[in-house]
Number of protein chains: 2
Amino acid sequence: MLRLTKKADYGLMALKYIAEHPEATALSAKDIAEAYHIPAQLLAKILQRLAKVGIVKSHAGMNGGYSLLKDPRKISAFEVIFAIDGPLFITSCFTHEGNCDLTNSCTIKEPLARVNETISSVLKNIHISDLVEEGRSRTVRELITIRATSGEKILQAT
Amino acid sequence: MLRLTKKADYGLMALKYIAEHPEATALSAKDIAEAYHIPAQLLAKILQRLAKVGIVKSHAGMNGGYSLLKDPRKISAFEVIFAIDGPLFITSCFTHEGNCDLTNSCTIKEPLARVNETISSVLKNIHISDLVEEGRSRTVRELITIRATSGEKILQAT
DNA sequence: CAAGTATACGACCGCTGGAGTCCGAATTCA
DNA sequence: TGAATTCGGACTCCAGCGGTCGTATACTTG
Ligand code: SF4
Ligand code: SF4
């Protein structure tokens, strides 16, 4: 259930790695791949996707590589995942709007859409700068505070 | 990204349907399947899974079917999804503990685990009774209130 | 300019796992 | 007993993920 693709995983790792090495003007895909023992070619493709949406900048030629284009604090996990895996969400109706032929008879669609929204906002509030900080300062208390109240208490018609 | 399986989807729909019809002692899988236009056989298997974990009770024989075993308010979306799709989570390392061979070199694992935790708690706070209410009282303000603060502000070493 | 090194990009492929089907056995009601 | 129904596993089908390859292209250095 609810799996995050490995590509997105790699993408986040790579971004974190780049953010941790601001001294380098550009980091080649191969370097990053070797640092984490992940297939270089695959990482390259991922970074290309990220370059396309303007998260990262690519420098061709020797001593080339990738460098951050945006402030690490401004890059949310959401947009990274979105750029890599596309607009795929839990409901599978919702985004493709109506591929699931049950869209009208389904009564569960709307509540799930709200759950969807919730998860999205969680991811949107996580930035790769947070991941970097995570590595430096040990034992973090809480990265996210979430308070999801039980619903039925808030549930009231307007 | 982050897809919820259709089986889990169906499971939630079925449970909601059963919860909406407390007058019936038992509802056959076929009836529910026809109501939502989903394959009956598949739904049957889903309900069997739910019966196994004690969420629902199966009655064999004619006029048989399934009935809720627990209070709708006590059945969380989390346990339903868990029962159907198994312990599959976003990280894919985390639960299978160490199938991803990068577990040690990966620096992103822990933050993601926390995200995982967050999403889980969201699902745990949603019960099928909420879904039923959703259908009756129109225009619900908010089923879930979430406040995910930006992390870095809370981020402090102990 | 030419060589060498890097990314760019699309085609390609094996395989896992989700979606769905089938069928025989067990169970219960009439 | 017989009809109706669930039970449960085995099975097929196929989209999509993870990963590879090859070629085109762009840049740097000498
Ligand atoms: S069954 Fe309902 S919630 Fe699920 S994909 Fe179809 S319309 Fe959306
Ligand atoms: S790359 Fe890291 S976060 Fe992703 S599955 Fe492997 S250990 Fe877990």
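Just so it is clear, the model here is predicted, and its values are computed rather than measured. Labels below follow one simple rule: chain letters A, B, ... track the order of the sequence lines, proteins then strands, and each chain is numbered from 1.
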- Item | Lys52(B) or His59(B), whichever maps to the more 5' nucleotide of DNA chain D | His59(B)

- Query: In Å, rounded to the nearest 0.5 Å, how long is the span from CG of Leu123(A) to CD1 of Ile81(A)?
  - Reply: 5.0 Å

- Item | Same apolar cluster (I L V M F W Y, side chains within < 4.5 Å links), Leu15(A)/Val53(A) | yes

- Item | 5'-most by nearest nucleotide on DNA chain D - Leu42(A) or Met62(A) | Leu42(A)

- Query: Who passes salt bridge (charged side-chain N to carboxylate O under 4.0 Å, His left out) against Lys52(A), sequence neighbours left out?
  - Reply: none

- Task: Map Leu4(B) and Ala44(A) onto DNA chain C by nearest heavy atom, then report which one ends up closer to the 5' terminus.
- Result: Ala44(A)

- Establish whether the base of dT21(C) is bridged to the side chain of Lys45(B) by a donor-acceptor pair shorter than 3.5 Å. yes

- Task: With side-chain contact (heavy atoms from CB on, under 4.5 Å) as the test, would you mind laying out the steps for Lys7(A) and Leu42(A) before giving the verdict?
- Result: CA-CA 8 Å; Lys7(A) 292 184 187 178; Leu42(A) 181 57; 4.3 Å; yes

- Short side-chain N/O contact from Tyr66(A) to OP1 or OP2 of dA8(C), under 4.0 Å: yes

- Message: Just the rounded figure in Å: distance from C1' of dG10(C) to CD of Gln48(A).
- Response: 10 Å

- Just to confirm, is there a sub-4.0 Å distance from OP1 or OP2 of dT5(C) to any side-chain nitrogen or oxygen of Ser28(A)? no

- Contact interval (first through last nucleotide) of DNA chain D with protein chain A, 4.0 Å heavy-atom: dG18(D) to dT28(D)

